Amino acid sequence: MAQLIDGRLVSKKICENLSDEILFLSKKPCLAVIIVGEDPASRIYVNLKRKKAQELGIKSIVEQMPTATSQQELLNKIEQLNNDNEVNAILVQLPLPSHIDTKAVLEKINPLKDVDCFHPYNMGRIATGTKPYVYPCTPKGIIRLLEYYNIPPQGKHAVVIGRSNIVGRPVAQMLLNENATVTICHSKTANLAEITKTADILISAVGQKNLVKPDMVKEGVVVIDVGMNRTDEGKLCGDVDFYGVEPKASFITPVPGGVGPMTICSLMQNTFDLYNIQYNS
Ligand code: GUN
């Protein structure tokens with residue numbers, strides 16, 4: 001039987017510490033979130049971020065912009081927030097409407113306020129084994145979970161399924177920086193199961209339920225499930241066939257209650273860290 005990796009517990013501890021530190025600040029850190037359009041999932045995520053910020057004493061500004069916002073209008077909004085000394089951290093909620101060039105938008109954010117670590121300056125620093133201002137939220141949450149449960153990546157074979165800029169690519173590079181041997185798999189990978197069977201640490205960040213089945217993992221594997229999917233009954237589930245895989249794993253994250261709570265906690269920590277970098281250096 002696997003030990004459950006409890007993201008709710010770990011994130012609660014981190015958030016409690018954060019809230020204690022923020023309590024003593026006369027000027028509070030400030031996070032600005034831009035949301036363009038009416039995507040219902042994005043609205044839920046942004047609300048969760050706003051609530052968590054409020055809970056921890058972080059100021060948040062939500063800029064809701066209409067779907068028809070032009071690229072230039074969005075760039076102007078980012079410019080305005082870049083120049084606003086009251087704003088420490090900027091997050092542009094993804095996905096953006098299809099008429100907007102996401103890469104150009106993310107490159108507009110001042111790297112010093114880039115709370116998601118999506119700017120090529122910060123991503124490039126991870127890729128070159130140099131510290132970015134802050135690490136991307138979900139990968140940072142995953143690394144923290146591994147630390148908390150004393151699972152050092154050094155020398156391990158870490159297999160990452162998914163090559164998104166949000167999770168797959170950065171987490172692979174961060175694990176490489178931690179001296180893991182890293183394989184990245186994706187939708188065009190041949191013989192996925194042959195590769196995943198050799199994983200000591202398996203991270204799935206695809207968004208496809210039941211992608212990882214028991215015959216695709218070896219005994220003792222550490223499983224990190226980043227998937228956020230719905231079962232046919234409408235319940236939240238990950239990429240991993242949890243009940244099938246769990247008996248073979250040494251550690252496994254549940255969905256919900258695994259990686260998810262860590263992401264939002266990293267976002268708050270990043271806002272605080274950017275505040276400190278901006279005011280104390
Ligand atoms: N959409 C889904 N995940 C994320 C995230 O981590 N950051 C942003 N900005 N948008 C997202």
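The structure presented is a predicted model; accordingly, all values stated were derived computationally and were not measured. Order of listing sets the numbers, starting from 1, for every ligand and every atom in it.
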task: Specify the protein heavy atom at minimum distance from atom 3 (N) of ligand 1: its residue, its atom name, and the distance to 0.1 Å.
output: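 Closest protein heavy atom to atom 3 (N) of ligand 1: Ile166 CD1, 4.0 Å.
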query: Tell me: protein heavy atom nearest atom 9 (N) of ligand 1, and distance?
result: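 Looking at atom 9 (N) of ligand 1, the protein heavy atom closest to it is Asp116 OD2, 2.7 Å.
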message: In the structure I gave you, are the side-chain heavy atoms of Leu106 and Asp116 within less than 4.5 Å of one another anywhere?
response: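 Result no, sub-4.5 Å side-chain heavy-atom pair not found.
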message: Just so I know, are the side chains of Lys156 and Glu178 near enough to count as touching, which here means a heavy-atom distance under 4.5 Å?
response: no
- line: If you compare Leu106, Val167, Leu94 by their heavy atoms, the one closest to atom 2 (C) of ligand 1 turns out to be Leu94
message: Between ligand 1 and Phe118, can you find any atom pair, the residue atom being a heavy atom, that is separated by under 4.0 Å?
response: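 So Phe118 counts as touching ligand 1.
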message: Is Thr138 close enough to touch ligand 1? Criterion: a residue heavy atom under 4.0 Å from a ligand atom.
response: no
field: Residues Asn76 and Gln80: side-chain donor-acceptor under 3.5 angstrom
entry: no
query: With distance as the sole criterion, is a donor-acceptor pair present between the side chains of Asn47 and Arg50 under 3.5 Å?
result: yes
message: Below 30° counts as parallel, above 60° as perpendicular, anything between as tilted: where do the rings of Tyr121 and His119 land?
response: perpendicular
field: Atoms in ligand 1 flagged as close to Leu91, the criterion being non-hydrogen separation under 4.0 Å
entry: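 Those qualifying, in numeric order: 9 (N).
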task: Heavy atoms only: give me the nearest Ile161-Val212 pair and the separation to one decimal.
output: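 That would be CD1-CG2, 3.9 Å.
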- line: With heavy atoms and a 4.0 Å threshold, my read on which part of Val92 contacts ligand 1 is backbone
